[in-house]
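Hydrogens, waters and symmetry mates are skipped; everything else that's a heavy atom, side chains included, is used. Sequence positions, counted from 1, serve as the residue numbers for this chain. On a predicted model such as this, the values are computed, not experimentally measured, just so you know.
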Amino acid sequence: MNPTGDEYFDSAEFRDLLAEYEQAIGSGAPVFLDADELAEIADYYQVTGRTDEADEAISLALERSPGATMPLTYKIHEALAMGDPEAAEGYLAQMIERDEPEYTYNRAEIMVAKGEIDEADNFLRENFKTVPPDEYQDYVLDVASIFSDYGYGEKAMAWLSKAKPEDTNDFKELMARTLFGLGKFKDSEKLFNELIDRDPFSKNYWNMLASAQFMSEDYNAAVTSSEYAIAIDPNDPEALMAKANGLYRLDNYEQALDYYRRYTQQVPDDEFSLLNQGACLVNLNRMDEAEQVLLEAISVGGKNSPYLVDIYQELAFVHSEKGEVDKALEYLNATDHLDCDHIQLNVVKGHVLLAGGRLEEAERLFRKAINDSPSPQLTLLRVIVSLYDNRYLTAAYTLFKKFFTLVDDDWNDGYAYMALCCWDMKKYDEFLSYLKEACSRNTQEVRMVLGHLFPEDVEPKDYYSYIKEKLSQQ
């Protein structure tokens, strides 16, 4: 039995319960467990990906206690995970014990899942007035957890502020997750490190730490944290995905590809992993393999996949690299009826046309994208980057010069690209000038654009000082 990262599921108490259940099921003997215990077993099976066994356990629970709270809560969560709040409401209506806190939480969670955020908050505040004082703490923490789980960090923090601070793992974890949702990744990271100091064998803490580090753009640290989670459970999908994502951001496409594939072995029907495998293969210039895995992503995700636009775009890059401009445009044109950034897609179409030497068509699309854009400066920057990527260096350099006279003093994008353009054109004095600007303005762009020019152990913010020191030693 692999560790789940859940304290109760990994406990001896639950293992004994599970063994009793599985022995009874395996031998055909009667199962002497109540509905709540069967719901716990179903939760365990669901967490570990054994969905058929979860369904069997929860069906038995509902057969024995049709209106029981815990089995119906399981069904509600299952329905919400499938994006079906109406089904969840049907299960809620079957609950007998409507004075229980779990009924209140389920009702509120359904409202949140339907996007009725303020209504849910008001409902919970009204109900709070009836909560006995000795249950205040549990109530506000449970409510904060609901909002945190759905990504409403401000609501979660408002409820957390009503709680008495606790030096417990559960309280620290909820605070850390809430801070993460508010974009306070460094604060979140600090708390997850404290939790790991208490429980270094929790793969969940390592995974959450990796997520916080990833969002802070500390990709090396994120990879290291994911490796600890993988050491605890070599087949943990979240850890495998975290390591793959970190490696991808570090431009280590070969290893990233390996970990995306390992993730897919555990979660075969996830087109996001297949999309990322395709992107790795594109970056490795293995276009035939990329096309095959991207077509598989379409097959797995279907026409309603939220990643369909990204898949089509990667397929367009594949065919563009093969010199098949019309085929590339066919995939890009397939996005015309989809809900996406059509202005950005016109820039991509122009890029493909430019790569194919069809300059007039590319120019028309670039102009249309800029004219239609609510952020014409950002779109113009993307066009200039496309010129650079297609090796129209002089044109890109000239437009960059013009571009930086048009933007405000607080504009932070594009300087790293201009530095790279100057580097390629051997304009080294200007390279240093734009590198300095880039390092002070946008370290994420600096890493992405210029990272290949510097050792891995040098932080993007230090690129300028690093190269100045190197030059002073010559």
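At least one side-chain heavy atom of Leu353 sits less than 4.5 Å from a side-chain heavy atom of Leu329. Side-chain contact between Tyr312 and Leu332: absent, with no pair of heavy atoms (C-beta onward) separated by less than 4.5 Å. Considering only heavy atoms from C-beta on, Lys190 stays 4.5 Å or farther from Lys186 through its side chain. Contact of the Gln46 side chain with the His77 side chain is not registered, since no non-hydrogen atoms from C-beta on lie closer than 4.5 Å. Contact check for Ile384 versus Tyr417: no side-chain heavy atoms found under the 4.5 Å cut-off. Side-chain contact between Leu281 and Leu294: absent, with no pair of heavy atoms (C-beta onward) separated by less than 4.5 Å. For the pair Asp336 and Leu345, the minimum side-chain heavy-atom distance is 4.5 Å or more. In this structure the side chain of Ser386 reaches within 4.5 angstrom of the side chain of Phe366, judged on heavy atoms.
Summarising the geometry of Ala297 relative to Ile311, their closest heavy-atom pair is CB-CD1, 3.7 Å, with the distance given to 0.1 Å. Leu160 and Ala144 get closest at one heavy-atom pair: CG-CB, 3.9 Å. The two residues Tyr248 and Cys280 make their nearest non-hydrogen contact at CD1-SG, 3.6 Å. Between Val300 and Glu271 the shortest heavy-atom distance is CG1-N, 4.1 Å. In terms of heavy-atom proximity, Ala120 sits nearest to Met111 at N-CE, 3.5 Å. For Ile232 against Pro200, the heavy-atom pair with the smallest separation is CD1-O, 3.9 Å.
Judged by distance alone, with hydrogens and angles left aside, the side-chain atoms of Asn283 form a donor-acceptor pair with the main-chain N or O of Ala279 at under 3.5 Å. A donor-acceptor pair under 3.5 Å is formed between the side chain of Ser225 and the backbone N or O of Ala221. No donor-acceptor pair closer than 3.5 Å links the side chain of Asp121 to the backbone N or O of Ile117. Between the side chain of Ser226 and the backbone N or O of Val223, at least one donor-acceptor pair lies under 3.5 Å. One N or O on the side chain of Gln137 and one on the backbone of Lys164 form a donor-acceptor pair closer than 3.5 Å. Formation of a donor-acceptor pair under 3.5 Å by the Ser216 side chain with backbone atoms of Asp218 is not found in this model. The backbone N or O of Val458 lies less than 3.5 Å from no partner atom in the side chain of Asp462, so there is not a single donor-acceptor pair.
Residues meeting the salt bridge (Lys or Arg N to Asp or Glu O under 4.0 Å) test with Glu445, sequence neighbours left out: none. Scored by the side chain to side chain contact (heavy atoms under 4.5 Å, CB included) test, Ser375 finds Ser373, Leu378 as partners (sequence neighbours excluded). The side chain to side chain contact (heavy atoms under 4.5 Å, CB included) search around Ala176 returns Ser188, Leu191, Phe192, not counting sequence neighbours. With sequence neighbours excluded, no residue satisfies side-chain hydrogen bond (donor to acceptor under 3.5 Å, both in side chains) with Tyr331. Residues that satisfy the ring-ring contact (aromatic ring centres under 6.0 Å, His included) test with Phe171, not counting sequence neighbours, are absent from this structure. In this structure, the salt bridge (Lys or Arg N to Asp or Glu O under 4.0 Å) partners of Glu254, at least two apart in sequence or on a different chain, are Arg286.
Aromatic rings from Phe404 and Tyr415 are positioned such that their centres are separated by under 6.0 Å.
In Arg50, the CZ atom is crowded: over 12 heavy atoms of neighbouring residues, nucleotides or ligands sit closer than 6.0 Å. Crowding of Asp197 atom CG: a count of heavy atoms from other residues, nucleotides or ligands under 6.0 Å exceeding 12. By the 6.0 Å contact criterion, CG on Asn371 is enclosed, its count of non-hydrogen atoms from other residues, nucleotides or ligands being greater than 12. For Glu119, the CD atom counts as densely surrounded, since its 6.0 Å shell holds more than 12 non-hydrogen atoms of other residues, nucleotides or ligands. By the 6.0 Å contact criterion, NZ on Lys468 is open, its count of non-hydrogen atoms from other residues, nucleotides or ligands being 12 or less. Counting heavy-atom neighbours within 6.0 Å of Lys172 NZ, excluding the residue itself, gives a total above 12. By the neighbour-count criterion of 12 heavy atoms within 6.0 Å, atom OH of Tyr105 is densely surrounded, having more than that number from other residues, nucleotides or ligands. Atom CD of Glu166 has more than 12 heavy atoms from other residues, nucleotides or ligands within 6.0 Å.
Ring geometry, Phe400 versus Phe403: the interplanar angle exceeds 60°, so the pair is classed perpendicular (tilted spans 30 to 60°). Using bins of under 30°, 30° to 60° and over 60° for the plane-to-plane angle, the ring pair Phe128/Tyr139 lands in the parallel bin. Ring geometry for Trp423 versus Tyr428: interplanar angle over 60°, hence perpendicular rather than tilted (30 to 60°).
Salt-bridge formation is not detected for the pair Asp409/Arg441: no Lys NZ or Arg NE/NH1/NH2 atom is positioned less than 4.0 Å from an Asp or Glu carboxylate oxygen. Taking the charged nitrogens against the carboxylate oxygens, Arg447 and Glu459 do have a contact shorter than 4.0 Å, which makes a salt bridge. Taking a cutoff of 4.0 Å between a charged side-chain nitrogen and a carboxylate oxygen, Glu430 and Lys401 qualify as a salt bridge. Look at Glu194 and Arg198 and you find no salt bridge, because none of the NZ, NE, NH1 or NH2 atoms lies under 4.0 Å from a carboxylate O. For the pair Lys114 and Glu116, the salt-bridge criterion is met [side-chain N within less than 4.0 Å of a carboxylate O].
Taking CG of Leu308 as the reference point, atom CG of Leu338 lies at 5.5 Å (rounded to 0.5 Å). Between the CE atom of Met241 and the OG atom of Ser211 there is a distance of 11.5 Å, given to the nearest 0.5 Å. Separation of atoms CD (Glu324) and CE (Met287) is listed at 11.5 Å; rounding is to 0.5 Å. In this structure, CG in Asn220 is found 4.5 Å from CG in Leu250, a value given to the nearest 0.5 Å. Taken from CG in Leu209 to CG in Asn193, the straight-line distance is 5.0 Å, to the nearest 0.5 Å. Summarising the geometry, atom CG belonging to Leu315 is positioned 5.5 Å from atom CG belonging to Leu295; distances are rounded to the nearest 0.5 Å.
In this structure, Lys203 is not positioned above the aromatic face of Trp206 in the sense of NZ or CZ being under 6.0 Å from the six-membered ring centre and within 45° of the axis. By the 6.0 Å and 45° rule, Arg391 stacks over the aromatic ring of Tyr388.
Remark: the Gln277 side chain and the Glu296 side chain contain no N/O donor-acceptor pair separated by less than 3.5 Å. With 3.5 Å as the limit, one finds a donor-acceptor pair spanning the side chains of Tyr263 and Asp270. Between the side chains of Asn245 and Tyr260, at least one donor N or O lies within less than 3.5 Å of an accepting N or O. A side-chain donor from one of Asn207 and Asp236 sits under 3.5 Å from a side-chain acceptor of the other. Side chain to side chain, Tyr8 and Asp10 fail the donor-acceptor criterion of an N or O pair below 3.5 Å.
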Exercise for the section: Under the salt bridge (charged side-chain N to carboxylate O under 4.0 Å, His left out) rule, what do Arg382 and Asp389 come out as? Steps first, then yes or no, please. Expected result: CA-CA 10 Å; Arg382 292 169 178 166; Asp389 286 342; over 6 Å; no

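Among Glu238, Glu227, Gln255, the single residue meeting the side chain to side chain donor-acceptor pair (under 3.5 Å) criterion with Lys243 is Glu227.
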